[in-house]
Amino acid sequence: MKIAQVIVDVSTYAVNRPFDYALNEDAPYVEIGSRVKVPFGRRDVIGYVVGLKEETDVDPAKLKPISEVVDYRPALTEELVELAQHLAHRTICYEIDALQAMLPAAMRTSYERLVVATVSLEQLSPALRDIFESSPTQSFDSLTSAQQKLCKDAALVGDVEFRTAMKQQTAIKTERVLHVPSLERLQQIEGELSNRAHKQKQLLAYLMNYPNEVLVEKVVREEADVAGPTIQTFVTAGYVERSEREVYREIDASQMAYDEKLALTTEQQRAFEAVRDAIDASRAETFLLHGITGSGKTEVYLQAIERVLERGEQAVVLVPEIALTPQMTARFKGRFGEQVAVMHSALSQGEKYDEWRKIRRGEVSVVVGARSAIFAPFTNLGLIILDEEHESTYKQEDVPRYHARDVAIWRGNYHHCPVLLGSATPALESFARAQKGVYTLLSMTERPKQSALPEVSVVDMREELRTGNRSMYSHALIQAIRERMERGEQIVLFLNRRGFASFMLCRDCGTTMQCPHCDISLTYHRSVERLKCHYCNYETYVPPKCPHCESESMRFFGTGTQKAEVELKKVIPDISVIRMDVDTTSRKGAHEKLLSAFGRGEAQVLLGTQMIAKGLDFPNITLVGVLAADSSLHLADFRASERTFQLLTQVSGRAGRAHLQGEVIVQTYAPEHYSIQLAKQQQYIPFYNVEMQMRKRFGYPPMFYIVALQLSHASLEKVIHYANQTARFLRQALDDTFIIVGPAPSLISRVNDRYRYQCLIKYKAENNLFDVLHQLMHMYRTKWMKEHLRLSIQMEPQSLM
DNA sequence: AGCACGCCGACT
DNA sequence: GTCGGCGTGCTC
């Protein structure tokens, strides 16, 4: 007998293992990776086939057959099923969560419990008759609890039945097409038509142009200028055949300009050859391409991909979400045309689903996408690229908490293909691995377009204060902005706002407006004139007086982009500014619209936050101003310096990318800090050396691996109790090569009325760590959870907030 | 997760 | 005596 091992779509500890199901002789084709509908308990659920076998230990009386196969082509490949198992183990999550993370959201199933009357309306009791009046099928959950009870009782007698309806979130899009008959038949029809049927004649005349062809009904309606009923008449009369045809949603109809292959510089050539050799040798080697901004990493990617395609293999290119601008995708589509699929958050569920299907069917060979594109169901991968590999967006913040870089390397090993990590400012972890020879380091230190690196100057804002300038703009920056305006060049102003939201403070008594549910200040949103909590979404009005001392000197502190714009216009009233922040880019496509408007020269200044740090490459930008470079330095986070360095280096790279000389002005209150000084000189390696010393001294990655355990509970005593118990358990289960830090209150010690504590594990060799963590999770799932404790385990957290 | 089973207190 | 509270345990 054939047996399928199935992981069911129930995200719980108790069912986090395969269940066996019988595959009858007449069962449709089932493979590893197939989605199947199976009876589970008294209901039906979707499951994923993760194994096939001939025998089972399950009691034959219990063994049930699968109900049906959901997709003809298995949703997942065998490789991805294996990867899900690996991810579940390494990120401490359920296998079902890992499996689902690999599929587009459109394929998630929603369940609806249905009650179906199985006897005629007259045979039902009067109360039941009311329920089923409109239809013999009713949604169970929309009934009142009294009605639900009635149905349960009726089910015992057999008058009604329970069923589960399953629906995929987004359907495959189809369009109606018409099959035009032969010319002879059309002429025959012409004779049959009444003289008065003008519209029908008009339609026939149109169809005469396309004998034996298949036409899209909508197009026919428009071009022949006939209405739906006319076509319906033709269909009913049997003049034309009508059917539905699957179509892909059109993503970007605009014409992609052909992107010409560039000649490589010596440095680029050397990097390219190293990667090409690994591609040709089918070698799972990880390269770290360290190339300064503007050194032409993309061209190396493109030519390596070209090589992969020549070999009949496929490539995945990951790009940080924010950098997935049309500029970037245009380059890939321009070079490889129809072979490219694009995946990012600006696409609708349906569009992502369509792109995914193109990949699954092998209709494309290159995917350019954000984090989740790492799960592209290719079967013959030849290369995986992570551009800007240091970006924290490659780490998924919720379950399954995977890092795309780790997944890439796993897939590279599976497919025997190289992985190429590219960055101007590699993550410390990556560079350290390259130093140790785990990754192969490739360096590019020149800009091919001969454009010089921009001149960077650092302005000490403390000095400005001393000379009486209290504004956000230094004299030097204002002066430089004026110069560019005269020359008709463009300016980018970057506001480093991490950890620097605007909050309200009473100048008399020092009271700040805090969230009543979280241990954090409320943020002022000018657009809606309200205060909001960024952790729990609590919202309130702006108080007219200080709630503590009733003074009227409540003021906003901190610097938002709106304030920056207002202040700039105070100094230079005739300046035109495009502002990019969460407020102006929340609508779909707004991001791209603003960028292209700036590209067309519709404004002199582009002012924004993180989101403008990359992806824009306009030749006319000759000045970049950083308004508060150090604000990200003050975060209590071991990556603060690294983030600041990366940000400043990226931003500086925006200036003068073509023939014009660029200038960067960095305003800061901490001009002597090494991450600012070294970013100024674009000195990655010295920065790496200093920062590594720091990490070593404080025992942070990459000197140690870390795991963060976060506990929360509505009661402070409870959370402390369990945090202590957790730490005790870890200390006893792990040997002394592990350092257990804490427990201690989290940096934000209360969120949503729950107190938060955390424990850190630092280690160099994992030994039995994963067993111990799974044990802890078991304890939590079976005992602690009942006490309403919440515990999350984060492998290699990006920050310790 | 959902759902049934089962064992004790409040009603017809 | 039955209804229904939610503790416990199972789902191939």
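The chains referred to below are lettered A, B, ... by the order of the sequence lines, with proteins before strands, and numbering in each begins at 1. Bear in mind the structure is a predicted one, so any value in this text is a computation, not a measurement.
- Within residues 88-104 of chain A, no residue has any heavy atom under 4.0 Å from DNA chain C.
- For the pair A/F140 CZ and B/dA1 P, the computed distance is 19 Å after rounding to whole Å.
- The stretch residues 38-58 of chain A comes close to DNA chain C through A/P39, A/F40, A/G41, A/V58, each having a heavy atom under 4.0 Å from the strand.
- Between A/Y402 and A/F375, the distance from one ring center to the other falls under 6.0 angstrom.
- Using a 4.0 Å heavy-atom criterion, one finds that A/R113 contacts the sugar-phosphate atoms exclusively.
- Residue A/I66 contributes atom CD1, which lies 17 Å from atom C1' of C/dT11 at whole-angstrom precision.
- Rounded to a whole Å, the CG atom of A/N16 is 16 Å from the P atom of C/dC12.
- Between A/R401 and A/D398 no salt bridge is recorded (no basic side-chain N to carboxylate O distance below 4.0 Å).
- Rounded to whole Å, atom C1' of B/dG2 lies 12 Å from atom OH of A/Y111.
- For residues 40-53 of chain A, every residue pair satisfying the side-chain hydrogen bond (donor to acceptor under 3.5 Å, both in side chains) rule, not counting sequence neighbours, is listed here: A/D20-A/K53.
- Going from atom CG of A/D9 over to atom C1' of B/dG2 covers 13 Å, rounded to whole Å.
- A salt bridge is absent between A/E246 and A/K173; no separation between the charged side-chain nitrogens and carboxylate oxygens falls under 4.0 Å.
- Atom C1' of nucleotide C/dT8 and atom CE of A/M785 are separated by 14 Å, given to the nearest angstrom.
- Across the protein-nucleic acid pair, A/D20 atom CG and C/dC12 atom C1' stand 6 Å apart, rounded to whole Å.
- Side-chain atoms of A/Y111 come within 3.5 Å of backbone atoms of A/I46 as a donor-acceptor pair (strictly under, hydrogens ignored).
- Side-chain atoms of A/Q396 and A/H403 include no donor-acceptor pair closer than 3.5 Å.
- Here A/M102 contributes atom CE and A/L83 contributes atom CG; the two are 3.5 Å apart, rounded to the nearest 0.5 Å.
- Under the 30°/60° scheme for interplanar angles, the aromatic rings of A/Y700 and A/F638 are found to lie parallel.
- Taking atom CE of residue A/M166 and atom C1' of nucleotide B/dA1, one finds them 14 Å apart after rounding to whole Å.
- Judged by distance alone, the side chains of A/R129 and A/Q123 never bring a donor and an acceptor atom under 3.5 Å apart.
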